[in-house]
Amino acid sequence: MAVTQEELKNIVGQYCGKRVFCHAANGRRKSKDDVAVIEAVYSSLFTLHLEETDTVVSFRYTDLLTHDVELVLCETGEKIY
């Protein structure tokens, strides 16, 4: 059964304020790995505060669905969706 955008918003929202390992695909054969904190969730996107560069980036929930972005909790190693 397919997960809806609203369900993904709720899933990510549960971990707001938690440290995550973020693996983001940046095109063909390129990717970026960062440790970040889930800062906020909105209706169509969520934001992460990257610790290393002290910047905020945003991603769409469809990025999680298509596995362009993967989030793993730093505490437990549990993958978020």
Revision key, fill the gap. Closest non-hydrogen contact found for Glu7 with Ala2 is OE1-O, 4.1 Å

Check your understanding: When rounded to the nearest 0.5 angstrom, what is the spacing between OH in Tyr61 and CG in Asn10?
Key -> 8.5 Å

Review point. Given the rule in the side-chain contact (heavy atoms from CB on, under 4.5 Å) test, do Glu39 and Cys16 qualify, once you have shown the distances and angles that lead to the verdict?
Key: CA-CA 6 Å; Glu39 194 168 81; Cys16 206; over 6 Å; no

Let me check something: any side-chain donor-acceptor pairs from residues 64-76 under 3.5 Å, sequence neighbours excluded? List them with distances.
unit_1, atom_1, unit_2, atom_2, d
Thr66, OG1, Thr62, O, 2.9
Thr66, OG1, Asp63, O, 3.4
Thr66, OG1, Asp68, OD2, 3.2
Thr76, OG1, Glu78, N, 3.2

Review point. Do the side chains of Tyr15 and Val20 get nearer than 4.5 Å, heavy atoms only?
Key: no

Practice item. Answer whether the closest heavy-atom distance between the side chains of Phe59 and Cys22 falls below 4.5 Å. Key: yes

Which donor-acceptor pairs under 3.5 Å do the side chains of residues 43-52 make with protein atoms, sequence neighbours left out?
unit_1, atom_1, unit_2, atom_2, d
Thr47, OG1, Ala40, N, 3.2
His49, NE2, Asp54, OD1, 2.7
Glu51, OE1, Arg19, NH2, 3.2
Glu51, OE2, Arg19, NE, 2.9

Study note, to complete from the structure: Those residues at least two apart in sequence (or on a different chain) that pass salt bridge (Lys or Arg N to Asp or Glu O under 4.0 Å) with Lys18 are none

Check your understanding: Transitively linked via ILVMFWY side-chain contacts under 4.5 Å: Tyr81 with Val12?
Key -> yes

Check your understanding: With hydrophobic residues grouped by side-chain heavy-atom distances under 4.5 Å, do Tyr42 and Val3 end up in a single group?
Key -> no

